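The structure appears right after this line, and notes come after that.
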Number of protein chains: 2
Amino acid sequence: MTETRVERKERTRRAILDAALELCEDSSLVALSLRQVAGRVGIVPTGFYRHFDSIEALGLALVDESFVSLRAMLRDVRRVEAGGTAPVSFAAIVDRSVDTLVSHVHAQRAHFAFIARERTAGPPAVREAIRHEIELCERELATDLARLPGPDAWSAEDLRILSNLIVTAMVHTAESLISSAGRPEAERRLTQTARTQLRMVIIGALHWRSGQD
Amino acid sequence: MTETRVERKERTRRAILDAALELCEDSSLVALSLRQVAGRVGIVPTGFYRHFDSIEALGLALVDESFVSLRAMLRDVRRVEAGGTAPVSFAAIVDRSVDTLVSHVHAQRAHFAFIARERTAGPPAVREAIRHEIELCERELATDLARLPGPDAWSAEDLRILSNLIVTAMVHTAESLISSAGRPEAERRLTQTARTQLRMVIIGALHWRSGQD
DNA sequence: ACAATGGGTGAACGTCTGTGCACTCAATCT
DNA sequence: AGATTGAGTGCACAGACGTTCACCCATTGT
């Protein structure tokens with residue numbers, strides 16, 4: 001016996017998740033059929049039920065999996081920010097953060113594409129799950145920002161609003177990166193755009209409540 | 001005879017467009033079937049072909065229609081900006097612009113929801129059409145911004161990047177407004193968030209290239 | 001008055017869909 | 001050793017799907 005029973009089951013489950021991720025890449029979960037997935041995996045349609053109750057349940061599992069990738073990215077970004085004890089410039093933080101985003105989007109294309117797509121087009125339960133996860137990310141970002149120098153004038157509400165803006169911009173950047181796959185010059189351009197936008201936002205936030213008319 | 005022949009055809013065409021817009025509201029175009037649409041309209045499935053070659057062609061027509069609504073909004077925003085001859089504050093421009101966005105999203109919910117959803121989840125041709133239209137909007141916004149006071153330090157590239165950021169934030173605001181339908185307090189909160197974000201971005205842009213570290 | 005047009009019909013096709021049910025048989029438990 | 005479990009099978013069903021074709025018949029152009 002080279003494989004235990006639970007191992008074999010887990011392997012099939014993984015194959016189903018991978019197949020689903022690939023198959024819905026150019027449409028959406030709502031257009032994905034149980035039979036397509038089973039066919040791709042190499043099992044009979046009814047075998048699918050041994051692992052998931054429905055395509056929607058599969059979708060929720062894919063949400064979990066995708067956000068593991070996204071949180072890994074956030075951890076990397078945070079590690080950069082808190083890197084040395086010496087104070088670093090905002091511009092440096094921005095550049096490193098964008099680089100981290102780009103490399104993670106490359107490494108986990110399918111997961112980021114899944115989130116971007118199903119966020120607006122998935123089954124209601126999937127949409128809601130993604131919305132909730134993103135909200136958690138925004139809250140995490142807000143507490144990170146609170147630790148940065150210069151936020152004395154930022155209220156809790158301002159932090160929430162700023163985090164929301166930054167996350168929105170980064171989600172959009174990820175979407176664009178995904179749809180520009182394999183066009184390096186377009187990607188460099190997008191990267192530069194993201195850097196500039198993030199800097200503008202930070203500068204705006206730093207002058208917030210002091211530079212109003 | 002109360003209706004001419006072309007009128008009757010146009011009426012059926014409209015009914016198809018409306019039915020499709022409603023039916024794909026809680027899924028996506030890629031999950032919409034020709035038979036569902038025909039059934040809702042009250043014609044036999046084959047009758048569909050008298051008006052469109054495929055669901056995808058229908059989708060492209062819906063893109064056109066939806067962007068008529070979106071451009072009407074942009075026209076309203078522009079009218080506010082260029083309102084009087086007296087110089088108005090950026091804050092006032094922002095407030096009025098956000099109000100205009102909110103009221104148009106209310107009035108044309110289905111169109112804005114369609115754009116937001118199919119932008120990432122529609123058939124490839126539809127996605128591309130939407131991406132292209134949004135890019136045109138960004139260019140228009142860039143030329144509008146160039147006319148505003150204070151942009152002496154903004155290069156053409158800066159304008160493009162700034163427009164992209166603003167459009168992204170507003171698309172996101174529209175998405176949120178749509179998914180918060182019928183919860184007035186959530187809507188007011190979103191409106192306030194959008195206002196603050198837009199102000200932060202403008203302030204950041206105004207300090208751009210002068211307040212860098 | 002007559003012929004042509006074209007929006008809408010209705011049946012039929014082959015294919016794909018989700019799901020139910022009885023089954024096998026190797027891995028696991030007792 | 002023997003009983004149990006459970007992942008995967010195979011068949012069958014009813015329904016939805018896109019598309020074809022020949023067919024109406026009211027509106028139109030002549």
Side-chain angles (χ1 to χ4, degrees), chain A residues 1-62 65 118 121-126, chain B residues 1-62 65 118 121-126:
Chain A
M1 167 217 326
T2 145
E3 238 181 351
T4 169
R5 200 135 132 174
V6 296
E7 281 172 349
R8 187 175 279 276
K9 171 157 187 179
E10 178 55 27
R11 199 164 57 100
T12 307
R13 190 188 141 95
R14 271 248 51 80
I16 291 177
L17 289 167
D18 292 344
L21 210 48
E22 276 187 47
L23 283 172
C24 75
E25 189 120 15
D26 38 27
S27 52
S28 162
L29 257 189
V30 293
L32 185 64
S33 83
L34 179 157
R35 285 179 114 102
Q36 280 176 50
V37 177
R40 168 71 80 106
V41 172
I43 60 175
V44 91
T46 46
F48 177 90
Y49 293 114
R50 299 286 181 198
H51 302 273
F52 300 99
D53 282 346
S54 63
I55 289 287
E56 179 168 314
L58 204 187
L60 292 175
L62 284 174
E65 193 174 280
E118 308 305 333
V126 170
Chain B
M1 164 217 330
T2 145
E3 240 181 350
T4 171
R5 198 135 132 173
V6 296
E7 281 173 348
R8 187 175 279 276
K9 172 157 187 178
E10 178 55 27
R11 199 165 56 100
T12 307
R13 189 188 139 95
R14 271 249 51 81
I16 291 176
L17 289 167
D18 293 343
L21 210 48
E22 277 187 47
L23 282 171
C24 75
E25 189 120 16
D26 38 27
S27 51
S28 163
L29 258 187
V30 293
L32 186 64
S33 84
L34 180 155
R35 285 179 114 102
Q36 281 175 51
V37 177
R40 168 70 80 107
V41 172
I43 61 174
V44 91
T46 46
F48 178 90
Y49 292 113
R50 300 285 181 201
H51 303 273
F52 300 99
D53 283 345
S54 63
I55 290 285
E56 179 167 315
L58 204 188
L60 292 175
L62 284 174
E65 193 175 280
E118 307 306 331
V126 171

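Owing to the predicted nature of the structure, the values given are computational and were not obtained by experimental measurement. Just so we're on the same page: letters track the sequence lines, and every chain starts at 1.
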**Prompt:** Atom OH of B:Y49 to atom C1' of D:dC21: distance rounded to whole Å?
**Reply:** 13 Å
**Message:** Using only atom types and a distance under 3.5 Å, with no angle test, would you say the side chain of A:E118 pairs donor to acceptor with the backbone of A:V126?
**Reply:** no
**Complete:** Taken to the nearest 0.5 Å, the spacing of B:S54 OG from B:E56 CD works out to 5.5 Å
**Integer-rounded Å distance: C:dA27 P and A:E10 CD** = 18 Å
**Message:** Once salt bridge (Lys or Arg N to Asp or Glu O under 4.0 Å) is applied, do any residues pair with A:R5, and if so which ones, sequence neighbours excluded?
**Reply:** none
**Complete:** Within residues 30-38 of chain B, the residues having a heavy atom closer than 4.0 Å to DNA chain D are B:S33, B:L34, B:R35, B:Q36
**Request:** To the nearest Å, give me how far apart CZ (A:F52) and P (C:dG18) are.
**Result:** 15 Å
**CD on B:E3 to NZ on B:K9, rounded to 0.5 Å** = 14.5 Å
**Nucleic acid contacts - residues 19-28 of chain A versus DNA chain C, non-hydrogen atoms under 4.0 Å** = none
Under 3.5 Å, sequence neighbours excluded: what are the donor-acceptor pairs made by side chains of residues 12-26 of chain A?
unit_1 : atom_1 : unit_2 : atom_2 : d
A:T12  : OG1    : A:R8   : O      : 3.2
A:R14  : NH1    : A:E65  : OE1    : 3.0
A:R14  : NH2    : A:D18  : OD1    : 2.8
A:R14  : NH2    : A:E65  : OE1    : 3.2
A:R14  : NH2    : A:E65  : OE2    : 3.3
A:E22  : OE1    : A:R40  : NH1    : 2.6

**Fill in**
For B:A38 and B:P45, the nearest pair of non-hydrogen atoms, with its separation, is CB-CA, 3.7 Å
**Prompt:** Going by heavy atoms in the side chains, are A:F52 and A:L34 under 4.5 Å from each other?
**Reply:** no
**Rounded distance (Å) that lies between atom C1' of D:dG18 and atom CG of B:L58** = 15 Å
**Complete:** Whole-Å distance, A:D53 CG to C:dG20 P, equals 11 Å
**Asked** In whole angstroms, how far is the C1' atom of C:dT19 from the CZ atom of A:F48?
**Response** 12 Å
**Prompt:** With distance as the sole test, does B:T4 use its side chain to make a donor-acceptor pair with the main-chain N or O of B:E7 at under 3.5 Å?
**Reply:** no
With the criterion being N/O to N/O and under 3.5 Å, what pairs connect the protein with nucleotides 1-3 of chain C, and how long is each?
none

**Request:** Check for a donor-acceptor pair, side chain of B:S28 on one end and backbone N or O of B:A31 on the other, with a separation under 3.5 Å.
**Result:** no
Are there any protein N/O atoms within less than 3.5 Å of an N/O atom in nucleotides 5-9 of chain C, and if so, which ones and at what distance?
unit_1 : atom_1 : unit_2 : atom_2 : d
C:dT5  : O2     : B:R5   : NH1    : 3.3
C:dT5  : O2     : B:R5   : NH2    : 2.5
C:dG6  : O4'    : B:R5   : NH2    : 2.7
C:dG7  : OP1    : B:K9   : NZ     : 2.8
C:dG7  : N7     : B:R50  : NE     : 3.4
C:dG8  : OP1    : B:T12  : OG1    : 2.6
C:dG8  : OP2    : B:H51  : NE2    : 2.7
C:dG8  : N7     : B:R50  : NE     : 2.9
C:dG8  : N7     : B:R50  : NH2    : 3.3
C:dG8  : O6     : B:R50  : NH2    : 2.4
C:dT9  : OP2    : B:V44  : N      : 2.9

